[in-house]
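Throughout, numbering of the chain's residues begins at 1 and tracks the sequence.
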Amino acid sequence: MTSIPSKNLWIRRQQCPCGDWKCYITYEGDSDEGSRAEELVKAEKASSGAMITPYVGMVFKSDDEAFEYYGNFARKNGFSVRKERSRVSPQLGIYKRDFVCYRSGFAPVKRKANGEQHRDRKSVRCGCDAKMYLSKEVVEGVSQWFVVQFSNIHNHELLEDDQVRLLPAYRKIHEADQERILLLSKAGFPIHRIVKMLELEKGIQGGQLPYLERDVRNFVQNRKKVVQENEALLSEKRENDLSELLEACKAMKEVDVDFVYDFTVDENDKVENVAWSYGDSVNANAMFGDVVYFDTTYRSITYGLLFGVWFGIDSCGRTIFFGSVLLQDETPQSFSWALQTFVRFMNGRCPQTILTDLDPGLKDAIRSEYPGTKHVIPPWNILYKVPSWFSLHVGPRYAEFKSMFDALIQIENTEEFELQWRDMISVFGFGSDKHIGLLYSVRASWAQSYVRGYFLARMSTIAYSKSIDAFLKGIFASQTCLRSFFEQIGISANIQHQAHQETHYMHLKTCIPVEEHARSILTPFAFNALQQELLLAMQYAASDMANGSYIVRHFKSMDGERLVIWLAEDEQIHCSCKEFESSGILCRHALRVFILKNYFQLPDKYYLSRWRRECTLLIDDDHNNQITDGEWFQEYQSLAETLFSESSITKERSDYARSELTKELTRILNEVRNLPDTDGVLMNMTVSPTS
C-alpha cells in the first residue's frame with residue numbers, strides 16, 4: 001500500500017541564489033544534510049589502528065551495536081557481512097543473532113513454474129565459514145549480547161580498500177546526494193552526466209563516489225515510481241492540512257481578538273499562502289519594529305511550502321517574534337504579498353531597516369514594497385555560502401582567499417572597498433565568475449562600507465543569528481502536521497514575549513559620572529554595551545582641531561583614527577565610525593570627547609527610547625492588560641525586585657524609596673478597601689505572597 005510521510009520534514013533551502021539550478025549551497029555543521037560517506041571514511045582511517053578483532057566473550061549493549069562493529073571490522077579487512085538467522089523466545093524476544101560473511105552459504109537453485117531452471121547467474125556465495133554468533137543474556141536487569149562463536153577464516157580472497165568500498169553493503173546514496181540526483185534527473189540529465197556532475201561538485205576523481213552508476217540508475221527509477229504514486233496523496237494532504245491550519249487560525253482569533261491572519265487562494269479556491277501574528281507581537285512591533293529580520297531559511301519537503309518568520313530585538317537584547325508566513329513559492333510576487341501582509345498586520349508600520357538572506361526575488365520585492373526601507377544582508381548570510389562558491393575554484397589557496405574576503409567585508413571606505421575588490425578578482429582569477437558578480441551586484445546590502453550608518457539595533461551579530469537558529473530549531477524539533485506546527489510557533493512566541501530580564505545589580509567599572517547616570521536609564525543589555533565602550537574610551541587620545549573637531553586615536557595603534565565632529569550649540573556629536581547611527585549606543589570615540597568636555601551626564605538624545613528601562617515597563621504594562629487572575633502578583637513581584645535593586649545603590653535612594661513606597665502602598669490599600677466587595681466576577685488567585 002502506498003504511504004506518504006507522516007511527519008512534516010523541514011530542510012534548509014539549498015538552491016543557490018545565483019539562479020543556476022545546477023548550483024546549490026551546503027551548510028557546514030549540518031551532518032544530516034552533508035555526505036556522511038566522507039565522514040565514515042575519515043573515522044575508519046582514524047580508528048583503523050585501534051580496531052580489535054572480535055573474540056568469544058566480547059560484550060555489546062545491543063545486537064545493532066554488534067552488527068555495526070562487525071561491519072566496520074569487515075570493511076577494514078576486505079569483506080562485508082550480512083545478518084543470517086535469529087531466534088526468538090517469548091521471555092527474551094530475539095535472543096540469538098548470527099552474522100556471517102557475505103559469501104557464506106550457497107545460492108539456491110531457482111526454477112520456473114514449468115520446472116525449467118532459471119538462467120544461471122554467477123553467485124558470489126562460496127560456502128565461506130567466517131561468522132560471528134551472539135547470544136543475549138540479562139545481567140542484573142540489563143540486556144547484554146555476548147559473542148559465543150567467532151571465526152575469521154575465509155575460503156576466498158579478501159579485497160583491497162579500493163575494491164571493498166564497491167561491495168553492495170557499502171554503496172549508500174545519502175540524503176544530500178539523493179536530493180541532488182533527483183534535481184538533475186528532473187532537469188533531463190542522463191545518468192552518466194549526473195555521476196560526472198557529482199564528482200565535479202565534490203572535487204573527487206572519476207569512480208571515487210561511494211556508489212556506482214547503476215546504483216544511481218536504480219535509485220532514480222525506483223524513486224520515480226514512488227513519486228508518481230505519492231503525488232496525488234501529497235497534494236491531498238497539503239490541501240487538508242492547510243484547511244486545518246486555517247481552522248486553527250479562526251479558533252485562535254476567537255480566543256485572542258488581537259490575533260491576525262490572512263491567506264490567498266488560487267483559481268481553484270485552494271489555499272496558496274498563509275500568514276499570521278499575535279497581539280503581543282503587534283504591541284512589541286510598535287516599540288521595537290524599527291529593525292526587522294525576515295528569515296526564509298527553511299522549506300517543507302512534504303508540502304513544498306517556504307516558511308518565513310519575522311523577528312526583532314527588544315530593549316533587553318532578546319529576540320522577539322513578530323509574525324510568520326507559509327508561501328507556495330519563492331517568486332517576487334509571493335514575497336510581495338508577504339511583505340504587504342506584514343505591514344498590514346503591524347498597523348501600517350514599515351521597518352526602518354530589514355535584514356534578510358541573499359535572495360534576488362526577495363530583494364526585488366523589498367525594493368517594490370518598502371521603498372523607504374534599507375535592505376541589509378547580515379555578514380553571516382554571506383559567509384556560510386563562501387565555501388560552496390569558492391573552495392573548489394581557489395583550491396589550496398582557499399585560506400588565503402577567505403582571509404582576504406573577511407577583511408574586505410569590514411572595510412569602511414567605499415573607495416578602498418572597490419580597490420580591494422578589484423585586487424581580489426585579479427589575484428584569484430575570478431574574471432566573470434557568476435557568484436562574484438552576484439555578490440558585487442548586491443554589495444550595497446552587505447559590505448560594511450555601504451551598510452555603515454544604517455540602524456541595525458545590534459541585530460547583525462553572530463550572537464543574534466544563534467538566537468534565531470535556537471528559535472527555529474525549537475519549532476522544527478517535532479516535525480508534525482501544519483496545525484501542530486502552528487501551535488508550536490504560538491508556544492515558542494508566547495515564551496519569548498513572557499520572558500523577563502533577570503534582575504541583577506549592574507556594577508560600575510569606572511569612576512566616570514557618565515557611567516553611573518547611564519545605569520539609571522538604560523536596560524542592562526544597553527548599559528553593558530555602553531559600559532564596554534566607556535572602558536575602551538580610556539585607551540584613546542583626542543587631539544583638538546582648529547574647527548572644533550577632534551581626531552581620536554588609540555594609544556598603541558597608529559591606524560584607525562576617527563574624526564569626531566562636535567557641535568557645541570546643539571550638543572551634537574558625530575563620529576566617522578557611525579556606531580551610534582548603527583546601534584543606538586555611543587562609541588568609544590564620541591565618549592572620549594564627552595569626557596574631555598567634562599560632561600557628567602550624556603545629553604538625553606543619546607539615550608534612545610528603545611534602549612531605556614521605561615520602554616521595557618511599557619511593554620510589560622501592555623502585557624498586564626491581558627494576564628490571567630493570578631499572574632499579576634508575579635508581575636509586580638518582579639517590579640518590586642527591580643525597585644529594591646535600584647534603591648539599594650545609595651542610602652539616599654533607599655531612604656526615598658522607603659518613604660514614598662509606604663505612602664503609596666497605604667493610599668492604594670485604602671482605595672482598594674473602599675471598592676465594592678464583589679462585582680460578580682469569579683477570581684481564581686493561584687499565586688499569593690505565601691505560595
Side-chain angles (χ1 to χ4, degrees), residues 4-27 29-30 32-34 175-184 186-187 223 227 230-231 234-235 237-239 241-242 245 263-264 266 270-276 293-311 321 323-339 341-342 356-366 377 381 384-385 388 465 468-469 471-486 488-489 492:
I4 57 176
S6 60
K7 293 184 177 181
N8 179 21
L9 301 177
W10 297 91
I11 62 168
R12 291 176 183 262
R13 295 164 65 193
Q14 291 187 315
Q15 191 62 46
C16 180
C18 70
D20 184 351
W21 59 268
K22 300 188 295 297
C23 186
Y24 70 110
I25 302 297
T26 57
Y27 295 81
D30 290 353
D32 290 339
E33 297 174 10
E175 290 181 12
D177 287 352
Q178 288 180 14
E179 292 181 24
R180 192 75 181 130
I181 289 168
L182 290 175
L183 179 64
L184 294 170
K186 189 175 181 180
R223 185 55 65 92
V227 169
N230 285 354
E231 199 167 46
L234 283 172
S235 177
K237 177 178 174 60
R238 167 177 161 148
E239 187 176 345
D241 282 8
L242 282 171
L245 175 60
F263 62 95
T264 63
D266 61 16
K270 294 182 178 180
V271 178
E272 293 179 314
N273 309 307
V274 184
W276 66 92
Y293 180 75
F294 185 36
D295 186 278
T296 54
T297 305
Y298 287 86
R299 66 176 302 106
S300 167
I301 294 177
T302 307
Y303 304 105
L305 295 170
L306 178 70
F307 177 60
V309 56
W310 289 275
F311 294 103
F321 172 88
S324 52
V325 64
L326 289 170
L327 299 174
Q328 65 168 345
D329 53 40
E330 303 166 23
T331 61
Q333 293 75 20
S334 292
F335 284 132
S336 290
W337 179 83
L339 296 172
T341 304
F342 177 71
T356 75
D357 198 353
L358 200 170
D359 186 307
L362 181 55
K363 175 176 175 289
D364 292 342
I366 291 172
I377 302 170
N381 273 327
Y384 80 76
K385 298 179 177 67
S388 297
S465 76
I468 297 291
D469 288 341
F471 180 93
L472 294 175
K473 288 177 180 177
I475 62 176
F476 293 136
S478 55
Q479 300 174 353
T480 55
C481 66
L482 286 182
R483 184 171 191 134
S484 298
F485 179 65
F486 167 78
Q488 182 59 48
I489 292 174
S492 298

Visitor: Under the side chain to side chain contact (heavy atoms under 4.5 Å, CB included) test, which residues partner Asp329, sequence neighbours left out?
Guide: Thr331, Ser334

Visitor: Given side chains that start at C-beta, do those of Asn381 and Asp357 come closer than 4.5 Å, heavy atoms only?
Guide: yes

Visitor: Do Val325 and Thr341 come close enough that some side-chain heavy atom pair is under 4.5 Å?
Guide: no

Visitor: With a 4.5 Å cut-off on side-chain heavy atoms, are Tyr293 and Thr356 touching?
Guide: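 Of all side-chain heavy-atom pairs linking Tyr293 with Thr356, none is under 4.5 Å.
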
Visitor: Do Phe485 and Leu245 touch side chain to side chain, with heavy atoms closer than 4.5 Å?
Guide: no

Visitor: So how far is it from Ser300 OG to Leu326 CG, rounded to the nearest 0.5 Å?
Guide: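 Going from OG on Ser300 over to CG on Leu326, the span is 8.5 Å.
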
Visitor: Less than 4.0 Å between a side-chain N and a carboxylate O, is that true for Lys270 and Asp266?
Guide: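 Salt bridge between Asp266 and Lys270, a charged N being under 4.0 Å from a carboxylate O: no.
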
Visitor: For the residue pair Asp359 and Phe335, establish whether any side-chain heavy-atom pair is separated by less than 4.5 Å.
Guide: yes

Visitor: Which value, rounded to the nearest 0.5 Å, describes the distance between Leu305 atom CG and Glu330 atom CD?
Guide: 11.0 Å

Visitor: Test your reading of the model: is there a side-chain donor-acceptor pair from Arg299 to the backbone of Gly304, 3.5 Å cut-off?
Guide: yes

Visitor: Between Ser492 and Phe321, is any pair of side-chain heavy atoms under 4.5 Å apart?
Guide: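 Sidechains of Phe321 and Ser492: no contact.
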
Visitor: Give the minimum heavy-atom separation between Pro17 and Pro360, together with the two atoms involved.
Guide: O-CG, 3.3 Å

Visitor: Within this structure, what is the OG1-CH2 distance for the pair Thr264 and Trp337, rounded to the nearest 0.5 Å?
Guide: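 Thr264 OG1 to Trp337 CH2: 5.5 Å, rounded to 0.5 Å.
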
Visitor: So, taking the atom named CG in Asp295 and the one named OG in Ser324, what distance separates them when rounded to the nearest 0.5 Å?
Guide: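 Taking CG in Asp295 and OG in Ser324, the distance rounds to 11.5 Å.
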
Visitor: Taking only residues two or more places apart in sequence, or in another chain, which ones meet Phe294 in a ring-ring contact (aromatic ring centres under 6.0 Å, His included)?
Guide: Trp310

Visitor: Say you draw a straight line from CG of Leu472 to OH of Tyr298; how long is it, rounded to the nearest 0.5 Å?
Guide: 6.0 Å

Visitor: Taking the side chain as everything from C-beta on, heavy atoms only, tell me whether Phe263 gets closer than 4.5 Å to Trp276.
Guide: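 Of all side-chain heavy-atom pairs linking Trp276 with Phe263, none is under 4.5 Å.
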
Visitor: Do the side chain of Asn273 and the main chain of Gln328 share a donor and acceptor less than 3.5 angstrom apart?
Guide: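 Side chain of Asn273 to backbone of Gln328: a pair is present.
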
Visitor: Taking side chain as C-beta onward, heavy atoms only, is Gln488 less than 4.5 Å from Phe476?
Guide: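 Side chain of Gln488 against side chain of Phe476, heavy atoms only: no contact under 4.5 Å found.
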
